[in-house]
Amino acid sequence: MFDSVRDDLRATLDEIRAAGLHKPERVIGTPQSATVEVTAGGRPGEVLNFCANNYLGLADHPEVIAAAHQALDRWGYGMASVRFICGTQEVHKELEARLSAFLGQEDTILYSSCFDANGGVFETLLGPEDAVVSDALNHASIIDGIRLSKARRFRYANRDLADLEQQLKEATEGGARRKLIVTDGVFSMDGYVAPLREICDLADRYDAMVMVDDSHAVGFVGPGGRGTPELHGVMDRVDIITGTLGKALGGASGGYVAARAEIVALLRQRSRPYLFSNTLAPVIAAASLKVLDLLETADDLRVRLAENTALFRSRMTEEGFDILPGDHAIAPVMIGDAAEAGRMAELLLERGVYVIGFSYPVVPQGQARIRVQLSAAHSTDDVNRAVDAFVAARAELEG
């Protein structure tokens, strides 16, 4: 049976390669950091890393590592259980309480990933008589989570408030019992920030709830690093915040839903990814508590990240590169052609800068780009070297 299937799969893989859409996996032989050593899948050797979600440089922070070591001795390696059986330790409850306080929400529930968090929300809260209104560029985990629910689905153009209002009108006129607006706080391919204040205003007008996936914001966006609701002054108006511990908050894994108390209480009873997936490893929970300590006692990492981002964006603009506007640490360098974006990424790796080219279907046709992600772990010299490498790679491509 598999012989015929194998031929089909090989043909599909050949098509992916021929279209320049193949995604090779490079292997690194060092901890995640501003500098990593590539051991396979690219030019071997030490390179500057500008493609990780390690925004605050905490993935190899010595205090976070020390907290993880202590947690292994105190709590063990894994829970071998789900939460409602025998998979809840004190450290999990402490992290949930700390995240609730940090994000200004009433309660928090932990998941093994933010993908699972988004996969467990919609089916639990919404039924056929309800409506979910989703931004067109929301993360794949939101799209998949919505598919699992029986709610009516409405989609509005990215950050288009007029279109959002039109979809809310249609949902209201259609007799929806509950309406939920869902948006990324920061859109990961563009670095654009959702207009949350205006979204909350529309939610008030149409009696809708608001949900934000703030995975690319919590830890460094907003005056206290509490994300896009803090940035826009709507922390008390957002009903559900989902996010990850796998980006700015240490870079390991794990996700959460921080929300109104009743929402979290129902998720604990009926959310399938929570009920049927192993508990977050205690070492991650304990290390995440140390991350929150670091965020709440100093803002030096956020300041350094902002400085690195501003330097990269200004220098690249001066050099004539097309960078999507904004001030987020996601700085997309627009190339257009998928094959050219892939070739530029290869040339940059040859020059010691590790970045990834993104093309269809991750981004729209003709909008291929290299998504550069800045980190607080980068030095000023690192940023300048990256820009110089872009200039040299472009010259080779054009030559």
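Values below: all heavy atoms of this structure, side chains included; hydrogens, waters and symmetry mates excluded.
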K.L.:
Consider only side-chain N and O atoms of Y55 and Q373, and report whether a donor and an acceptor are under 3.5 Å apart.
P.N.:
yes
K.L.:
Answer yes or no: is there a side-chain heavy-atom contact under 4.5 Å between V234 and V210?
P.N.:
no
K.L.:
Would L99 and I284 show up in the same hydrophobic cluster when neighbours are defined by side-chain heavy atoms closer than 4.5 Å?
P.N.:
yes
K.L.:
With D207, which residues qualify under side chain to side chain donor-acceptor pair (under 3.5 Å), at least two apart?
P.N.:
none
K.L.:
Filter on side-chain hydrogen bond (donor to acceptor under 3.5 Å, both in side chains), then keep only pairs touching residues 173-186, sequence neighbours left out; what's left?
P.N.:
E129-R177, D130-R177
K.L.:
Hey, can you pull the donor-acceptor pairs under 3.5 Å for the side chains in residues 56-68, sequence neighbours left out?
P.N.:
residue	atom	partner	partner atom	Å
D60	OD2	S33	OG	3.1
H61	ND1	E63	N	3.1

K.L.:
Can you tell me if CZ on R155 sees more than 12 non-hydrogen neighbours from other groups inside 6.0 Å?
P.N.:
no
K.L.:
Say whether L266 and F84 are linked into one hydrophobic cluster, either directly or through other cluster members, by side-chain heavy-atom distances under 4.5 angstrom.
P.N.:
yes
K.L.:
Using salt bridge (charged side-chain N to carboxylate O under 4.0 Å, His left out) as the criterion, list what pairs up with E123, not counting sequence neighbours.
P.N.:
none
K.L.:
Measure from NZ or CZ of R26 to the centre of the six-membered ring of Y354, then state whether that distance is under 6.0 Å and the direction lies within 45° of the axis.
P.N.:
no
K.L.:
F321: what forms a ring-ring contact (aromatic ring centres under 6.0 Å, His included) with it, not counting sequence neighbours?
P.N.:
F390
K.L.:
How would you list, by chain and number, every residue that makes a salt bridge (charged side-chain N to carboxylate O under 4.0 Å, His left out) with R147, sequence neighbours excluded?
P.N.:
D144
K.L.:
Looking at E346 and R343, does any basic side-chain N land under 4.0 Å from a carboxylate oxygen?
P.N.:
yes
K.L.:
Do D3 and R6 pass the salt bridge (charged side-chain N to carboxylate O under 4.0 Å, His left out) test, and can you show the C-alpha distance, the side-chain angles, and the key distance before you say yes or no?
P.N.:
CA-CA 5 Å; D3 287 343; R6 179 187 288 114; 2.9 Å; yes
K.L.:
Would you say OH of Y77 has more than 12 non-hydrogen atoms from neighbouring residues, nucleotides or ligands within 6.0 angstrom?
P.N.:
no
K.L.:
Quick test of your reading: applying side-chain hydrogen bond (donor to acceptor under 3.5 Å, both in side chains), list the pairs with at least one residue in residues 276-294, sequence neighbours left out, ordered by first then second residue.
P.N.:
R98-D293
K.L.:
Is there a side-chain contact between L13 and R17 (heavy atoms, below 4.5 Å)?
P.N.:
yes
K.L.:
Show me the donor-acceptor pairs within less than 3.5 Å that the side chains of residues 322-330 make with the rest of the protein, sequence neighbours left out.
P.N.:
residue	atom	partner	partner atom	Å
H328	ND1	I330	N	2.9
H328	NE2	H216	O	2.8

K.L.:
Quick one: side-chain hydrogen bond (donor to acceptor under 3.5 Å, both in side chains) pairs with a partner in residues 223-235, sequence neighbours left out?
P.N.:
D214-T228
K.L.:
Give me each pair satisfying salt bridge (charged side-chain N to carboxylate O under 4.0 Å, His left out) with a member in residues 357-375, each pair once, sequence neighbours excluded.
P.N.:
D190-R369
K.L.:
So, E90 and K93, do they make that salt bridge, N to O below 4.0 Å?
P.N.:
no
K.L.:
What residues form a salt bridge (charged side-chain N to carboxylate O under 4.0 Å, His left out) with R197, not counting sequence neighbours?
P.N.:
none
K.L.:
Assess the side chains of S379 and D381: does a donor N or O sit below 3.5 Å from an acceptor N or O?
P.N.:
no
K.L.:
On a heavy-atom basis, which atom in P229 and which in I241 lie closest, and how many Å separate them?
P.N.:
CG-CD1, 4.1 Å
K.L.:
Under a 4.5 Å side-chain heavy-atom rule over Ile, Leu, Val, Met, Phe, Trp and Tyr, are M209 and M211 clustered together?
P.N.:
yes
K.L.:
Does any pair with a residue in residues 243-262 pass side-chain hydrogen bond (donor to acceptor under 3.5 Å, both in side chains), and if so which ones, sequence neighbours excluded?
P.N.:
D239-R260
K.L.:
Honestly curious: do I263 and L103 fall in one hydrophobic cluster under the side-chain, below-4.5 Å linking rule?
P.N.:
no
K.L.:
If I compare all heavy atoms of D163 with all of A157, which pair ends up nearest, and what's the gap?
P.N.:
OD2-N, 2.8 Å
K.L.:
With a 4.5 Å heavy-atom cut-off, do I370 and F358 have their side chains touching?
P.N.:
no
K.L.:
Any salt bridge between R237 and D204, counting N to O under 4.0 Å?
P.N.:
yes
K.L.:
When you check the side-chain N and O atoms of Y111 and S271, is any donor under 3.5 Å from an acceptor?
P.N.:
yes
